[in-house]
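This is the structure I have questions about; it appears just below.
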Amino acid sequence: MPDGQSINASVLAAEGVSKSFGSVPVLFSISMDIRAGEVHALIGENGAGKSTLMKILSGFLQPTSGHISLDGAEISLPPNGQSEALGVVLIHQELNLAEQMTVEENVFLGRELRKGATLDRARMRDTVAGYLEDIGLEISPDSRISDLSIAQKQMVEIVKAISRDARVLIMDEPTAALTEAETALFFSQIERLRDKGVGIVFVSHKLAEVSAIADRVTVLRDGQWIATQKASDLPPDAMAQMMVGRELSDLYPPLNEVDVDAEKVLQVQGLVAPAVKGISFDLKRGEILGFSGLIGSGRTAVFEAICGLAPIEAGTVSAFGQEGGFRSVAAARDAGVVYLTKDRKEKGLLLAQKMRPNLTLFALPKFLRGMRIDGKAEDAALERAIRRFDIRARDPNVDVGDMSGGNQQKLLLAKVMECDPKILIIDEPTRGIDVGTKQQIYHFIAAIAAEGVSVVVISSEMPEVIGLSHRVVVMREGEITGILSGDEINENEIVRYAAGLKRGEH
Amino acid sequence: AETIKIGVSYPTPTHAWAAGMNWHAEQAEKRLEALYPDVDLVLINSPDPSAQASALEDLVSVHGIDALVVLPFESEPLTDPVLNVKKSGALITVVDRGLSQPGIEDIYVAGNNPELGRVSAQYMKTRLKDGDNIVVLRGIPTLIDNERFDAFMAEMEGSGVNILDHKHANWNRDDGFEVMQDFLSRFPDIDAVWAQDDDIAIGVVAALKQAGRDGDGMFVVGGAGMKETIKAIMDGETLVPVDVLYPPSMIATAMDVTVAAFKSNGPVAGRYILGATLITPENAASFYFPDSPF
Amino acid sequence: MTEATMTPTKPNRFGGFDFKTAGPAIALLILCGIGFALNPAFLSEGNISNLLTRSAFIGIIAVGATFVITAGGIDLSVGSMAAVIAGVMIIVMNGAVDTFGTGVTTVLIGCGCSIILGIGAGWVNGVLTTKGKIEAFIVTLGTMGIYRSLVTYFADGGTLSLNYDIRGVYRPVYYDSFGGLPIPVWVFIVVSICGWLLLNRTAFGRYCTAIGSNESVAQYSAIKVDRIKTMTYVIQGLCVSLATIIYVPRLGSASSSTGVLWELEAIAAVIIGGTVLKGGYGRIGGTILGALILTTIGNILNFTDMISNYLNGTMQGLIIIIAVWLQRGDWGRKTKTD
Amino acid sequence: MTEATMTPTKPNRFGGFDFKTAGPAIALLILCGIGFALNPAFLSEGNISNLLTRSAFIGIIAVGATFVITAGGIDLSVGSMAAVIAGVMIIVMNGAVDTFGTGVTTVLIGCGCSIILGIGAGWVNGVLTTKGKIEAFIVTLGTMGIYRSLVTYFADGGTLSLNYDIRGVYRPVYYDSFGGLPIPVWVFIVVSICGWLLLNRTAFGRYCTAIGSNESVAQYSAIKVDRIKTMTYVIQGLCVSLATIIYVPRLGSASSSTGVLWELEAIAAVIIGGTVLKGGYGRIGGTILGALILTTIGNILNFTDMISNYLNGTMQGLIIIIAVWLQRGDWGRKTKTD
Ligand SMILES: Nc1ncnc2c1ncn2[C@@H]1O[C@H](COP(=O)(O)OP(=O)(O)OP(=O)(O)O)[C@@H](O)[C@H]1O
Ligand SMILES: Nc1ncnc2c1ncn2[C@@H]1O[C@H](COP(=O)(O)OP(=O)(O)OP(=O)(O)O)[C@@H](O)[C@H]1O
Ligand SMILES: [Mg+2]
Ligand SMILES: [Mg+2]
């Protein structure tokens with residue numbers, strides 16, 4: 001699309017925007033403009049300042065210097081989401097839903113439809129039901145948010161955004177928690193909005209997606225503006241290089257073959273648990289076992305049952321030859337089996353606390369000297385974790401809730417690794433993590449597997465499962481539909497098992 | 001001359017009787033301080049026994065009192081704290097509730113709780129006959145309540161009057177009202193009510209009127225000498241025909257006596273026990289203080 | 001998986017209570033059964049009517065408390081607030097007699113004054129909490145002490161009594177019936193219905209829930225958090241003033257012991273009813289049942305002399321715990337997976 | 001970005017109170033200033049010693065409450081628990097006189113019994129809350145009523161009093177001093193230090209904070225949530241029993257009015273001290289200051305008869321609100337961005 005036409009006039013623009021939190025600068029004189037009817041992708045490493053810029057563009061934060069203009073006129077956006085009235089809508093990176101309320105209540109929160117003095121509940125329900133259907137989400141408008149999976153919550157956020165009459169729709173990593181199928185549905189909605197002339201800003205670490213949907217791409221690095229280019233001029237590799245500032249080698253490490261005779265450290269027979277309907281598999285020492293499937297297929301539920309987080313209703317679990325599963329998370333941890341949750345906000349990190357207590361919380365017994373917590377050891381651990389996982393918090397005393405999403409994820413990984421696990425179960429290991437760090441994490445997983453740690457990778461990112469795993473288990477509706485190895489591990493096969501078109505013997 | 005400091009400590013008024021006492025204490029303070037310029041009375045009230053113990057400590061350590069007039073919240077818990085005050089050399093006057101160890105107080109001024117129960121029962125017996133039914137509403141579970149109640153029951157023993165049930169109404173009008181409502185639902189035949197206290201009696205009367213069971217010679221006996229009740233007795237009310245006195249002015253009496261101990265030449269000491277007079281239309285006028293809150 | 005879309009939970013519109021309310025309802029039924037077994041007079045018309053009337057006070061206050069708690073706040077001052085409002089009402093009405101005589105005007109002046117005071121007191125609590133950024137617990141603990149001592153001060157430690165002539169005019173508000181139900185019960189019914197509509201059928205109710213559920217989500221949704229929170233305290237104040245208006249004609253007096261511990265009773269009613277103390281989930285229907293349960297416990301204990309008077313509190317405590325347990329146990333779980 | 005690695009947060013080890021404690025500390029200093037201005041005797045050794053001793057009761061209980069509240073719970077039963085423990089202690093000691101005489105053994109038996117009861121009562125609260133899944137507010141409101149009525153029952157409506165001969169032996173525990181400080185103050189100091197260490201230097205304290213901030217994060221971090229929560233109630237019970245042990249020799253008796261409203265005072269002390277009522281952030285240092293503030297307010301009011309006694313509650317309420325406001329206002333903000 002050629003520049004300069006009226007439909008492509010800039011709707012919303014940041015001009016020379018800088019931002020500091022206290023004395024810590026985060027953005028340095030960034031300019032960016034969003035035009036009607038374009039999809040503008042914003043990419044950059046974790047902590048580059050993307051979310052901060054998005055919040056400034058939608059009024060949730062005020063810039064320290066520089067200004068925002070709407071339709072060419074300088075404007076001071078009102079705070080707390082009131083700029084929705086001006087047609088500027090933001091979906092936050094951190095889910096922003098009231099957990100105890102229903103889908104319908106959340107979607108219309110703050111702008112309920114009324115009929116006289118009371119709410120027009122029928123109309124709101126129908127509207128939401130319509131949106132849910134459009135986006136292919138099979139939940140009721142009356143479901144409580146707390147009963148939904150993360151991906152479903154993310155979809156609700158998207159519905160919430162779509163349902164607003166937006167001129168500019170800003171989305172901070174909307175697809176981080178989605179599988180490819182869902183992402184495709186989501187993109188079809190995006191395209192519809194774009195065709196209606198909505199300007200869309202979209203942050204993602206999934207560079208293939210960016211190539212697929214974006215018209216223009218802006219790259220940030222360390223709070224600096226690097227480039228704004230047409231997406232078609234920028235292959236994913238080039239994007240990655242601009243973000244990271246260096247050449248990236250292979251994303252996935254070479255796989256070490258697992259010893260055929262390696263002991264089976266985990267054996268699961270006929271496991272029945274909430275949302276799990278009788279599954280069996282085993283895990284060898286040093287093996288990386290991928291778990292794939294659609295959202296809600298019960299992958300998480302399997303491991304929550306194994307790690308003592310949910311009751312086992314039938315079947316046997318034996319770890320390291322010990323029958324009987326674990327009665328508590330602590331027992332699992334002490335045996336070397338740890339589970340890293342995909343829900344970092346609700347189940348992973350204490351957002352109101354600093355990094356140090358978060359890092360050591362899981363492995364705290366390790367940091368005890370007698371009765372006392374050894375503060376020095378904690379400091380040392382934090383220092384090590386920051387280095388090892390490249391956690392970037394410009395202000396080391398920041399509350400974890402104020403850290404960038406990707407850095408929170410790294411901290412969560414570091415927290416779990418403090419336990420020195422023998423079996424590591426990672427649910428969505430790289431959700432919201434930039435390519436550079438992703439690569440580091442993949443290499444890291446391969447390295448610990450090579451040392452003899454067994455790793456389970458539950459992931460909705462197909463390439464990740466394929467690139468990392470020795471074997472891949474595919475689940476559907478609480479059952480295993482196939483266990484793939486070797487050449488079988490490819491996108492086509494996995495999709496067919498996951499959709500229930502094919503069932504394997506295992 | 002040096003000022004004579006006298007501390008006066010009593011429970012925070014949370015019901016009308018105590019408010020009356022407070023009123024009498026304040027009147028006495030004004031009167032005595034005007035009469036004797038070198039006397040300073042310090043009035044402190046406390047919401048519970050341990051706060052009162054604290055207040056006693058403060059009276060000694062801060063005000064350096066020469067004498068203490070104390071109406072103990074409860075006897076037991078305040079015995080030691082009062083003993084400590086005595087050790088500081090102050091003159092001790094105890095009002096109403098005796099301490100649980102003899103010999104601490106120099107002066108004792110009190111009403112008579114068992115007597116209140118007994119006088120009430122005696123009146124009941126004059127009005128009721130064998131086989132009549134009464135219900136009893138008690139106060140807050142405390143020693144005072146027990147003394148009144150036990151004496152009442154002892155006096156009623158053998159009279160042939162049935163005591164259907166007794167429940168605590170906490171010297172509170174609302175509780176009196178609700179407990180009486182339930183008694184009325186429960187017992188179809190009640191001939192009289194011993195409410196023990198005028199506050200409870202007000203609730204009882206309201207409940208009787210609501211249920212329309214205030215006729216037929218039904219009567220309620222309260223206690224303590226609330227001015228409204230006394231007024232009603234003077235006016236010949238039949239539902240609450242009498243009252244049994246438990247004078248809130250006893251604190252003022254105690255203050256008078258204590259000041260007299262400093263001011264008069266002869267020694268002042270001993271026990272002043274005020275009776276539990278039955279107030280009837282005949283003698284009511286002499287117990288009526290229209291300005292008191294009680 | 002399409003069933004999800006096909007069988008949406010029908011919102012049980014004016015069916016009234018939601019399904020979970022079954023817990024407290026069953027607890028109440030069991031209590032009534034016990035009451036009847038102890039003494040058949042428990043189910044007599046007179047007693048039921050007494051019981052409902054008594055529940056009205058605590059119930060009306062608890063309806064207000066439901067809003068405060070749903071929005072994540074707490075109000076410990078309601079009992080003292082009721083006392084001080086009752087006190088001032090009496091003073092004002094006694095004073096108005098000279099000018100306006102002992103007619104309905106004076107009573108209306110008293111009621112107007114009560115409503116103004118209630119709203120004002122609630123507003124103070126709300127503003128101190130939101131604008132002053134002081135924990136609600138501290139604010140209302142403070143105002144609780146303040147109101148309590150003010151009423152003691154006004155009453156000079158004793159009792160404020162309403163002029164006997166006005167009492168005649170005002171009495172019917174408590175003692176009269178209309179269509180078989182005492183007037184306080186009608187007020188309770190009206191307040192409950194309004195409360196239910198407000199919480200479940202208006203944007204305001206949703207905002208309360210949202211704020212209690214997650215204050216920053218609410219704020220990001222452009223909800224005026226401070227204003228809504230203040231409003232919940234104002235509603236609480238209004239409810240207290242309504243409760244006081246029907247309380248005063250009962251005995252025509254107020255003293256420092258009026259309304260003692262009503263705050264705990266009101267909060268207990270709310271929580272027995274299933275509202276979550278930390279906010280984010282409120283149920284008016286449950287609150288009403290909670291209030292009825294509490295009153296019934298007291299009533300039943302007056303109906304028997306099987307247990308020592310001294311142990312009333314023990315029974316009360318046990319019953320409250322069991323009543324709440326009843327709705328949390330297997331019961332609750334069953335309805336959840338439903 | 002290496003700064004992160006270079007400047008890890010230095011824990012201000014035995015520097016003692018964290019910086020934010022400045023708020024309550026300043027409130028306390030101002031109060032002391034007022035006290036001195038009203039009457040120089042306020043700063044007399046006798047008064048200071050009285051003040052500290054009195055703070056010890058509420059302070060010790062509040063240290064326990066800090067744990068409960070930090071872990072997201074609440075305990076309304078502490079006042080009644082103190083009363084019933086005091087009652088049973090007295091009954092047991094009076095009973096033990098026959099067998100063990102009036103010596104130290106009997107007192108020790110009483111104290112042992114107190115500790116067992118405290119731990120037991122706390123455990124009951126904890127288990128009902130965690131295993132019974134009943135809201136802590138309801139559980140402890142229930143046990144509050146139960147304990148209160150039990151002590152009334154044991155005392156037969158009156159007062160339980162300690163045998164006078166034992167009193168002689170036991171008295172020094174309250175009235176004697178050691179190194180210039182009354183013994184209750186020493187107990188308070190020891191409890192505070194232990195509490196501080198436990199909350200800030202052990203895994204248990206971390207776990208309490210984690211549970212109060214987010215229970216599911218705690219659960220996913222291998223914390224035995226139920227066990228830790230129960231433990232907080234047990235600690236609360238233990239603190240109550242210690243407070244009772246130093247309380248009994250003061251008045252030598254227990255009755256149904258012992259410990260009334262201590263729960264509110266303890267919670268108020270905790271929250272004045274800066275602990276967050278919804279959990280997740282607790283400060284023992286603040287709690288101690290909170291207890292001192294509350295006692296000082298009462299003490300100051302006994303120092304002057306400038307204001308009507310009836311208005312004590314008003315002053316108390318105002319001062320509490322202002323004290324908390326002082327630490328929330330600009331003050332708090334300044335220290336936060338610091
Ligand atoms: N409220 C805040 N207070 C202090 N620092 C903050 C705050 N919000 C963000 N930061 C800091 O600003 C920097 C940029 O964060 P931002 O969330 O914008 O990164 P991002 O580009 O979105 O990263 P990610 O890809 O990980 O989401 C981070 O170092 C973060 O810690
Ligand atoms: N304890 C439970 N009781 C009832 N239902 C449950 C329970 N745990 C999970 N579920 C439901 O079971 C389904 C499977 O959830 P699970 O999180 O295991 O799937 P998943 O494959 O990990 O999906 P996702 O991609 O969302 O992480 C979901 O619909 C979830 O709501
Ligand atoms: Mg971000
Ligand atoms: Mg004087």
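Order of the sequence lines sets the chain letters (A, B, ...), proteins ahead of strands, with each chain counted from 1.
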Could you go through the salt bridge (Lys or Arg N to Asp or Glu O under 4.0 Å) check for B:Asp106 and B:Lys86 one step at a time? CA-CA 10 Å; B:Asp106 302 290; B:Lys86 173 145 184 105; 3.3 Å; yes

Just verifying a value: how many Å separate B:Ile251 CD1 and B:Asp96 CG, rounded to the nearest 0.5 Å? 8.5 Å

Does any donor atom in the side chain of B:Thr12 or B:Asn45 lie under 3.5 Å from an acceptor atom in the other side chain? yes

Heavy-atom count around B:Tyr108 OH within 6.0 Å, excluding the residue itself: above 12? yes

Of the listed D:Phe42, D:Phe57, D:Tyr164, the one with the largest count of heavy-atom pairs under 4.5 Å with chain B is D:Tyr164

Side chain D:Ser114, main chain D:Ser241, donor-acceptor under 3.5 Å: yes

Does any heavy atom of chain D fall under 4.5 Å from the side chain of B:Asn146, the backbone, both, or neither of them? side chain

Proximity breakdown for D:Tyr153 and chain B, heavy-atom pairs closer than 4.5 Å: neither

Between B:Thr79, B:Leu78, B:Asn84, who has the most heavy-atom pairs with chain D when the cutoff is under 4.5 Å? B:Asn84

Angle class for the D:Tyr247/D:Trp262 ring planes (parallel below 30°, perpendicular above 60°, tilted otherwise)? perpendicular

Atom group of D:Pro249 that falls short of 4.5 Å from chain B, counting heavy atoms: backbone

Heavy-atom contact with chain B under 4.5 Å, split by part of D:Ser161: both

Which one of D:Ala254, D:Ala155, D:Ser255 has the most heavy-atom pairs closer than 4.5 Å to chain B? D:Ser255

In terms of heavy-atom proximity below 4.5 Å to chain B, should D:Arg250 be classed as side chain, backbone, both, or neither? both

Can a salt bridge be assigned to the pair B:Asp80 and D:Arg171 using a cut-off of 4.0 Å between side-chain N and carboxylate O? yes

Atom group of D:Asn47 that falls short of 4.5 Å from chain B, counting heavy atoms: both

